[in-house]
Amino acid sequence: MPELPEVEAARALIEARALHREIAAVDDRDSYVCRPHGPGELADALCGRTLTAACRIGKSMWCETDGGDGPSLGLHLGMAGRIIVDDHYAGDPVGDGPTSGYSGAAGHPDPGFATNPQWARFTLGFADGGELLLFDKRRLGRAVLDPRLDALGPDALEVGKAELAARVGSGAAPLKARIMDQSVIAGVGNLLADETLWQASLSPVRPAGELDAEELARLWTVMRRTTRAAIKRGGVHTGELIPHRRRGGTCPRCAADLVRATVGGRTTWWCPVEQT
DNA sequence: AGCATTGTTTCACA
DNA sequence: TTGTGAAACAATGC
C-alpha cells in the first residue's frame, strides 16, 4: 500500500512531531516485524536516546538518534503500515486491499484503525507520555537497527533526467518491472507505476531497453509530476487512473477498455490504445 | 473455500 | 556473474 508518497507523509510526521523527545520504553516484541533482532534488542539500543532526524530514500525511512551518535532506526511500512505519533497518523490511508474505497477527504479515512491496538507492531514510548507506533495490519512492515540502504537506487524525486534514462533505459524486462525495481529507482510501487505509465502514454510491457531518448525524458518528467501530485493530494490512491483499475474499467481519456495482466509480478492495468 | 491484495526477499534458471 | 521471473512471507477482505 504505502509507496513513496505515503512514506514521505510518514517521514514528515515523524520530523514534525517525534524528534527530540526522550525514548523511555520500546515495545519490540513482534519478532517478525523486528527481525533479525531478538526481543529487547531495539529497546536496549534506543531507550534513553532521542530521534534527531527523519530521512527517506524511496519507500525506505530511517531516523537518526542522538545527532548521529546513536544507532539509526529503520522503519519500513511494508504493504499496509502507517505511522502514528500521539493522535496523528500518516502512511497507508486505506489499510485493506484495493477493493476498499478511498474516503480520505475530511475526517479519518479508516475509523477502525484506532480500535485495533493489536496491529501496533512496534512502539516507542516517550518520557513525556506520548508514543510513536508502527501500525500495520498485515505485519510486513519492519523496524530494524541500522538498515542497509546500499541496494537502493536514487529516489524517484531526486534522480536526474540523464541518470534516469541511463538506469531505466536498458534490459529486456518490461518497463513497469524496471521502474518498480528499487535498485534501479527507489519509491515507485505498483499503483504509482500504473499511474505514471498511463500519464506518460507508455506501455508497461515494452522492453525497457527499447525506449528512445524522447520517451525516457517524458517518463522522467511525468514520474516526478505524478509523484509530487500524489504527495500533495494525500497518496497514490488519488491518481487519475487508479479508480479505473477494476473489472470493466475504461481509460479516463479515450474510454477504451483497460487491459489487465500480470507484469513485473503485479496486477497491471493499462490503456492498450494510448499506451504504446 | 479460494482468491485477491499498493512490498520485499529468496531462490531457480538461463 | 548477471538479469529475470516466480514463489514465499503475514494477514485480511471479498
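Note: hydrogens, waters and symmetry copies are ignored here, and every other heavy atom, side chains too, is used.
The side chain of A:Ala173 lies closest to C:dT4, out of B:dT6, C:dC9, C:dT4. For A:Arg260, the listed nucleotide lying nearest its side chain is B:dT5; candidates were B:dT5, C:dC9, C:dA11. Taking only side-chain atoms of A:Arg121, from C-beta outward, the nucleotide of C:dT4, C:dA10, C:dA11 with the closest atom is C:dA11. Which of C:dA10, B:dT6, C:dT4 sits closest to the side chain of A:Thr267 comes down to B:dT6.
A:Trp119 has a side-chain polar atom (N or O) that falls below the 4.0 Å cut-off from OP1 or OP2 of C:dT12. For A:Arg139 and C:dA11, the shortest distance from a side-chain N or O to OP1 or OP2 is below 4.0 Å. Regarding contacts with the backbone of C:dC9, every side-chain N or O of A:Arg35 stays at 4.0 angstrom or more from both OP1 and OP2. Remark: A:Lys137 is not in phosphate contact with C:dA10, judged by side-chain N or O atoms under 4.0 Å from OP1 or OP2.
The CG atom of A:Asp194 sits 11 Å away from the P atom of B:dT5 (whole-angstrom rounding). Summarising the geometry, the separation between CE on A:Met180 and P on C:dG5 is reported as 11 Å, rounded to the nearest angstrom. Taking atom CG on A:Asp181 and atom P on C:dG3, their separation rounds to 10 Å, with Å as the unit. For the pair A:Arg245 CZ and B:dT5 C1', the interatomic distance rounds to 10 Å; values are reported in whole Å. In this structure, A:Leu75 places its CG atom 14 Å from P of B:dT8, rounding to the nearest Å. Atom CD1 in A:Ile242 sits about 14 Å away from atom P in B:dT5, given to the nearest Å. Distance A:Leu140 CG to C:dT12 P: 11 Å, rounded to the nearest Å.
No contact: A:Arg246 has no heavy atom under 4.0 Å from any strand. At the heavy-atom level, A:Gly265 lies nowhere under 4.0 Å from the strands shown.
For B:dC13, the paired base is C:dG3 (Watson-Crick or G-U wobble, both distances below 3.5 Å). Of the nucleotides present, C:dC14 is the one that pairs with B:dG2 by Watson-Crick or G-U wobble criteria, both distances under 3.5 Å.
By the 6.0 Å and 45° rule, A:Arg253 stacks over the aromatic ring of A:Trp198.
Ion pairing between A:Arg49 and A:Asp69 fails under the 4.0 Å rule for side-chain N and carboxylate O. A salt bridge links A:Asp27 with A:Arg29; the closest basic N to acidic carboxylate O contact falls under 4.0 Å. Salt-bridge formation is not detected for the pair A:Arg17/A:Asp86: no Lys NZ or Arg NE/NH1/NH2 atom is positioned less than 4.0 Å from an Asp or Glu carboxylate oxygen.
A donor atom on one side chain and an acceptor atom on the other are not found under 3.5 Å apart for A:Thr250 and A:Asp257.
One donor-acceptor pair, N or O on each side, does fall under 3.5 Å between the base of B:dT6 and the side chain of A:His237.
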